[in-house]
Amino acid sequence: MNTRHQIDTALFNCAFQSLPPLFCEQTPACGLILGSGWSDALDPEEVLARLSYSEIPGLGAGSVIGHSGELLLCTISGCRIVAFCGRRHWYEGAGWTPVALPVELLRRLGCQNLLITNAAGGINPTFTPGAVMAIRDHLNFTGLSPLIGPVIPGWGTRFPDQTTLYSQHLRHHLATAANSINLHLNEGVYVYAAGPTFETPAEIRAYAALGADAVGMSTVPEAMIANAAGLAVAAISCITNMAAGVSASALTHNEVIEEMERVKPRLSALIKTFINQL
Ligand code: HPA
């Protein structure tokens with residue numbers, strides 16, 4: 001087996017030891033893993049500690065524009081939050097260790113709630129750019145899984161159940177939070193494509209036929225690990241563009257970043273009010 005498919009647990013230990021002691025003083029109310037453009041939507045009241053990803057063994061600086069690569073210990077709505085601003089992806093070619101590491105660090109910190117965010121392409125024709133979708137379920141179309149390999153201590157059983165991977169009670173909190181700020185929150189199915197190419201129109205038609213509402217290149221691996229490890233998981237997609245062939249225009253990462261910039265204030269308010277509910 002290609003060793004990149006396996007997780008280097010020795011790096012987990014090194015990464016955990018690299019965290020300043022302040023991180024371990026109190027259990028965070030929630031962990032955040034923020035995808036493309038979402039880091040700018042984070043508006044903490046107080047930053048208690050910050051660390052560049054390059055200072056965390058096994059995580060390393062990412063290569064994707066819009067992913068700032070900083071770990072924050074901060075307060076939002078009066079709650080202690082650990083926020084991974086920017087994520088690593090399988091398509092970057094560094095294997096699963098950097099993708100899995102944020103979840104493992106949150107687990108070791110005793111964190112029980114995880115909010116994962118991403119930018120996604122809209123497949124559901126009722127969506128328009130700027131729409132926000134809570135993930136109700138996913139389709140993993142990559143054939144990849146970060147759970148392939150030896151069972152990792154703390155990550156549950158060999159065959160984790162995924163029937164209610166996206167926590168019903170956190171989804172309820174998201175809906176209540178969105179309601180209180182007059183944000184229309186869609187719920188739907190997210191399809192995970194490995195990337196780094198955007199999809200073809202034929203792929204998008206197939207995903208639509210299978211019930212997908214949005215498509216992206218992330219989130220599912222972290223959600224699978226967190227669920228297996230017993231964390232409650234919520235995930236939100238911000239629709240930055242209509243998926244290939246749904247609209248006639250060509251897709252670019254710049255468009256994704258520009259749309260995220262436009263909807264930032266709404267996303268920021270959603271994160272705050274969601275955390276306030278916990
Ligand atoms: N496809 C995959 N990932 C994405 C897209 C898309 O259309 N938009 C933002 N991330």
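Ligands are counted one by one from 1 in listed order, and the atoms in each one are counted from 1 as well. Values reported hereafter were calculated over all heavy atoms of this structure, with side chains retained and with hydrogens, waters and symmetry mates removed.
- Electrostatic pairing of R262 and E258 does not count as a salt bridge here, judged by no charged N lying under 4.0 Å from a carboxylate O.
- Aromatic ring centres of H253 and F198: separated by at least 6.0 Å.
- A donor-acceptor contact closer than 3.5 angstrom is absent between the side chains of T252 and N254.
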Put together the list of close N/O pairs, under 3.5 Å, between ligand 1 and the protein, could you?
residue, atom, partner, partner atom, Å
ligand 1, 1 (N), E199, OE1, 2.8
ligand 1, 1 (N), E199, OE2, 3.3
ligand 1, 7 (O), N241, ND2, 3.0
ligand 1, 8 (N), G121, N, 3.3
ligand 1, 8 (N), N241, OD1, 2.7
ligand 1, 10 (N), A119, O, 3.3

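- The CZ atom of F84 sits 10.5 Å away from the CD atom of E222 when rounded to the nearest 0.5 Å.
- Remark: the N186 side chain and the R136 side chain contain no N/O donor-acceptor pair separated by less than 3.5 Å.
- Taking the ring centroids of F141 and Y192, they lie at or beyond the 6.0 Å cut-off.
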